[in-house]
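Following: one structure in structure tokens, then a few remarks.
Reminder, nothing fancy here: chain letters follow the sequence lines and each chain counts from 1. FYI, side chains are in, hydrogens and waters are out, and symmetry mates aren't considered; it's all heavy atoms of this structure.
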Protein chains: 2
Amino acid sequence: MAKNKRPVKSEEHAARGRLLGAALDIFNERGYAASSVREIVKAAGVTKPMLYYYFRNKEGIYTELMTKPFEVLEKILEETAHEKLSARKRVIRLFDRIFLLFMKNLKAARLMYSIYYGPPQGAPFIDFEGYHLKIREVTGLIVKDGIKSGEFRAVNVDTLTWALIGALNFVLEEQLCQHTPMVDDKGLSDTLALIFDGVAPSKSKRKR
Amino acid sequence: MAKNKRPVKSEEHAARGRLLGAALDIFNERGYAASSVREIVKAAGVTKPMLYYYFRNKEGIYTELMTKPFEVLEKILEETAHEKLSARKRVIRLFDRIFLLFMKNLKAARLMYSIYYGPPQGAPFIDFEGYHLKIREVTGLIVKDGIKSGEFRAVNVDTLTWALIGALNFVLEEQLCQHTPMVDDKGLSDTLALIFDGVAPSKSKRKR
DNA sequence: TATCTTATTTACCTACCGGTAAGTATAAAC
DNA sequence: GTTTATACTTACCGGTAGGTAAATAAGATA
């Protein structure tokens, strides 16, 4: 009993995928609360109960959309934390990978940002904060390595970490804007280079 | 005709003010679409038609809340652009003032950020972008001055501007988070100092 | 062929949404 | 003392929200 029997037509769970795509589009355009189940199912070309069949409810399809991309982030963080490169290169690699992941999930990212930094819009809670902190943590570890090895000047770890994350965040958010982004991944690496070259040790004394 | 006659009880337009306060609270907690007029008027302790009396509709009270704080920003930008100080001090003064304005209007700011960077939530359009660009412009002008006068190394103007605005943005957004902010205005000035000291001209040659 | 499971539809529910019509109390103006 | 404008209330509107009960179509199993 409880065997694996599936009618399974030509496309497997086609409706499910179409619902996910449509929901992502509409959540991205209007936000969680302003998106109606009716709009979503209409855009997906299916009937309303289908959404309640595949996902428990409106919250269910939202939760699925918001949690999936973070599985990739976890992997990126793990990999970069243990790479054997200079601290500078590890930060650049980490941020570059995050940038790519972000671009691949731009619509989901827009929704995440607006809910993490803004009002929850009636959407169910999701621990975006945890991932934000993890990124900061890994960056902080790399910075600490860089200072220990003498690759960086002995500045305050947190301050440098903030400057770096600030640059990353700024570039990521620029991609969310309505207008054409004025900074991209090239701008990010330039900004990082500026910060790094700024804090690189030099022979001459520096004020303060 | 069209004379100035006012019944004017003890408190003038008390309901109006209470509506604005309640609307700000509730928009801030739930976002635009998820906030109902009923909730707002209940929190304000007035009846529903009062909102439609003082403001045309839900969009009207939202628009009033979102546009008022920018009048102060305009003044800050104008003042700082024409101050006779070092570029470094002007940037710090500008960002410090913006930080204070931001903190004084934290609830409105949270709503603005979520709508500017995220989905519009069904809220009427407001040109947040214009103000964002103005801040960037003024910062860019100060940076250009600093490079011209030799106060800064001859780096790319945009890149340095991005690094600075990134630090500002990062600190501002930190204030929006659910948790206790890990960076405040002190952290901001530290980060700015790090970037400035990094780009300050030095006697020794620098790689790249 | 009858049965079971999965996938999908039609028709409907209640609750709440933004908005308003119509009336009223109050106090200044004439 | 009647008028007039302001400030405010009660009662209601049509529409739409999220969600579901119940029937059904179709392939797999027996």
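When distances run from any side-chain atom of B:Pro49 to the nucleotides D:dT9, D:dA7, C:dT8, the shortest one goes to D:dT9.
Between the B:Glu78 side chain and the B:Lys75 main chain, no donor and acceptor come within less than 3.5 Å of each other.
Atom CZ in B:Arg30 sits roughly 17 Å away from atom C1' in C:dG18 (whole-Å rounding). Atom-to-atom, OH of A:Tyr32 to P of D:dA17 comes out at 14 Å; the value is rounded to the nearest Å. The NZ atom of A:Lys42 sits 15 Å away from the P atom of D:dG18 (whole-angstrom rounding). The interatomic distance linking B:Tyr54 (OH) with D:dT6 (P) rounds to 11 Å, in whole Å. A:Leu19 has its CG atom 12 Å from the C1' atom of C:dT8, to the nearest Å. Between A:Arg56 atom CZ and D:dG19 atom P the separation is 9 Å, expressed in whole Å. Taking atom CE on A:Met50 and atom P on D:dG19, their separation rounds to 16 Å, with Å as the unit. Look at CD on A:Glu59: it is 17 Å from P on D:dA17, rounded to the nearest Å.
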- Check the pair A:Leu164, A:Leu168 against side-chain contact (heavy atoms from CB on, under 4.5 Å), reporting the backbone distance first and the verdict last. CA-CA 6 Å; A:Leu164 295 171; A:Leu168 171 66; over 6 Å; no

- Decide yes or no on side-chain contact (heavy atoms from CB on, under 4.5 Å) for A:Phe55 and A:Arg16, but give the supporting numbers first. CA-CA 9 Å; A:Phe55 313 92; A:Arg16 190 176 200 281; 3.6 Å; yes

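Within 4.0 Å of B:Tyr53, counting heavy atoms only, lies at least one base atom of the nucleic acid.
Not one side-chain nitrogen or oxygen of B:Tyr52 sits closer than 4.0 Å to the OP1 or OP2 atom of C:dT20. Regarding contacts with the backbone of C:dT9, a side-chain N or O of A:Thr47 is found under 4.0 angstrom from either OP1 or OP2.
The local environment of NE2 in A:His179 is crowded, with over 12 non-hydrogen atoms from other residues, nucleotides or ligands closer than 6.0 Å.
Among B:Phe102, B:Tyr131, B:Phe128, the one residue that satisfies the ring-ring contact (aromatic ring centres under 6.0 Å, His included) test with B:Tyr113 is B:Phe102.
The side-chain hydrogen bond (donor to acceptor under 3.5 Å, both in side chains) analysis of residues 139-148 of chain B, with sequence neighbours excluded, yields the pairs B:Arg90-B:Asp145.
Salt-bridge annotation for B:Arg97 and B:Glu79: present, with a side-chain N of the basic residue lying under 4.0 Å from a carboxylate O of the acidic one.
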Polar-atom pairs under 3.5 Å, protein N or O versus N or O of nucleotides 12-17 of chain C: list them with distances, or write none.
from   : atom 1 : to      : atom 2 : distance (Å)
C:dC17 : OP1    : B:Ser36 : OG     : 3.2
C:dC17 : N4     : B:Arg38 : NH2    : 3.4

